[in-house]
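Inspection log for the structure reproduced underneath, given as structure tokens.
Scope of the values below: all heavy atoms of this structure, side chains included, with no hydrogens, waters or symmetry mates. Order of listing sets the numbers, starting from 1, for every ligand and every atom in it.
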Amino acid sequence: MSRSPSSPAGSTSRRMILGSAMAAGMSGCARAQPGSPDLNPPPGLWQIARDRGFSFGAAVQANLLATDPLYAAAFEREAGILVPEFEGKWSTLQPREGEFDFAGLDAILNWGQARGRTVRGHALVWHDSFPDWAVAAMGEGQTRARGVMAAHIARVLSTTRLRIRDWDVVNEPIADPPGSDTPQAEGEFRNSPFFRALGPGYIETAFRLAREQDATLRLVLNDYGVEEDTPWAEEKRRRLLKLVRDLVRRRVPIDAVGIQAHLQMNRPFNPDVFARFIRDIRAEGLSVLVTELDIREANAIPEGFPARDALVAERAGAFMAAAIGAGVKSFLTWGLVDRYSWLVTDPAVARPDGKLHRGLPLDWEYNRKEMWRVMARAFAG
Ligand code: XIL
């Protein structure tokens with residue numbers, strides 16, 4: 001199970017290392033045997049990105065960092081930013097009212113801090129991973145609903161202050177339009193417990209509460225389903241842009257929009273349409289981040305991993321080029337290795353045919369694959 005330790009970056013010139021890293025990745029070999037050379041040597045994606053003024057990171061799971069050395073090594077090598085996949089969500093942080101548990105988040109913060117990595121927060125106000133007690137509290141009148149939301153934001157931000165400087169304040173507030181996978185019958189805003197309790201104003205309230213806690217925190221609104229060239233994605237872009245413009249006009253403290261980018265190869269992608277959307281948001285004075293990139297393969301896939309990986313990489317390349325061209329500087333993938341991707345483990349998004357999605361930069365055996373190389377090239381220009 002073990003692999004030879006990575007050699008420290010820094011002695012050889014970065015350009016030479018990048019060349020050899022890409023070449024090593026090109027071999028397409030299986031995982032290194034104990035004692036054999038590291039097939040995924042530094043620099044990692046985050047260093048390649050950083051050298052060109054970009055940042056790269058990935059969603060991480062605290063328990064895997066602690067129990068799977070190859071997983072931890074992959075993160076150490078590739079990720080400059082860590083975002084907790086579960087550990088910053090409401091149900092983890094406050095499973096019962098007033099009882100907070102920061103153990104998982106602390107573990108990620110400590111691991112990252114020891115290696116000079118940044119941690120971003122995800123997510124303060126979200127309808128999912130939201131415990132039953134809080135759903136019930138949202139139904140107990142506006143004062144109670146606002147109080148519960150305010151208490152959660154205050155406790156989480158004061159506890160993580162100075163260690164997390166970047167938070168998804170509101171996650172997924174826009175309703176999925178007709179035609180999408182999970183359409184909502186009516187309304188432009190998701191019919192969440194927060195929305196039912198406080199109306200669309202809950203979004204503004206959450207951002208203001210976050211800003212009151214910390215004047216310099218980067219406050220992000222994060223959503224999905226706005227990347228592809230379909231009528232329902234177009235409608236979702238329109239809804240999101242309208243919300244963003246409204247927030248900006250009313251001077252609500254928001255700094256950035258996170259685009260999740262859970263891409264699907266069943267859907268068409270038009271770089272111009274997507275780039276235009278990013279520019280529209282940036283024209284409002286906000287940054288745009290890619291926060292959760294991964295790629296679901298099409299229903300019909302070719303035989304063999306090389307052919308499948310080439311298609312995934314092609315989509316990743318088109319997406320990265322459009323985003324970079326439109327001014328995105330920060331990219332995170334939702335996980336790093338296929339074996340732990342929610343595209344494999346979560347029945348809601350796994351393939352119905354039982355095959356396993358290959359939608360992340362590293363394969364099941366932690367090796368860099370074509371998607372990694374395409375992303376490295378996109379960063380390196
Ligand atoms: C997902 C996790 O990856 C899954 O393991 C979990 O079952 C559900 O949540 N958008 C988000 C993320 O903002 O928090 C979600 O993460 C994926 C979709």
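The pair Asp229-Arg267 does not count as a salt bridge, with every side-chain nitrogen at least 4.0 angstrom from each carboxylate oxygen.
Close approach of ligand 1 to Glu172 is summarised as follows: ligand atoms under 4.0 Å from at least one heavy atom of the residue are 10 (N), 11 (C), 13 (O), 18 (C). Ligand 1 places these atoms under 4.0 Å from at least one heavy atom of Asp346: 4 (C), 6 (C), 7 (O), 8 (C). For ligand 1, the atoms lying closer than 4.0 Å to a non-hydrogen atom of Lys89 are 1 (C), 2 (C), 9 (O), 12 (C), 14 (O), 15 (C), 16 (O). Close contacts of ligand 1 with His262, meaning ligand atoms under 4.0 Å from a residue heavy atom, involve 10 (N), 17 (C), 18 (C). Residue contact check: Phe86 has heavy atoms under 4.0 Å from atoms 5 (O) of ligand 1.
Stacking of Lys236 on the aromatic ring of Tyr224 is recorded, both the 6.0 Å distance cut-off and the 45° axial limit being met. For the pair Arg358 and Phe305, the distance from NZ or CZ to the six-membered ring centre is under 6.0 Å and the angle to the ring normal is within 45 degrees.
The shortest side-chain heavy-atom distance between Val290 and Leu332 does not fall under the 4.5 Å cut-off.
Residue Arg144 qualifies as enclosed at atom CZ: its count of foreign heavy atoms under 6.0 Å is above 12. Within a 6.0 Å radius of CD in Glu99, other residues, nucleotides and ligands contribute more than 12 heavy atoms.
Among all protein heavy atoms, the one lying closest to atom 10 (N) of ligand 1 is Glu292 OE1, 3.0 Å.
Checking only distances, Gln260 does come within under 3.5 Å of ligand 1, N or O to N or O. Where the criterion is an N or O separation shorter than 3.5 Å, residue side chain and backbone included, Trp334 meets it with respect to ligand 1. For ligand 1, the polar-atom distance check finds an N/O of His122 within less than 3.5 Å of one of the ligand's N/O atoms. Polar contact check, Glu85 against ligand 1: a nitrogen or oxygen pair lies under 3.5 Å apart.
The proximity of Tyr224 to ligand 1, defined as any non-hydrogen pair under 4.0 Å, does not occur for either the backbone or the side chain. Contact annotation for Thr345 and ligand 1: no heavy atom of the residue comes within less than 4.0 Å of the ligand.
Taking the centre of each ring, Phe54 and Phe379 come in below the 6.0 Å mark.
Taking the six-membered ring where tryptophan is involved, the planes of Phe130 and Phe194 are tilted, since the angle between them lies from 30° to 60°.
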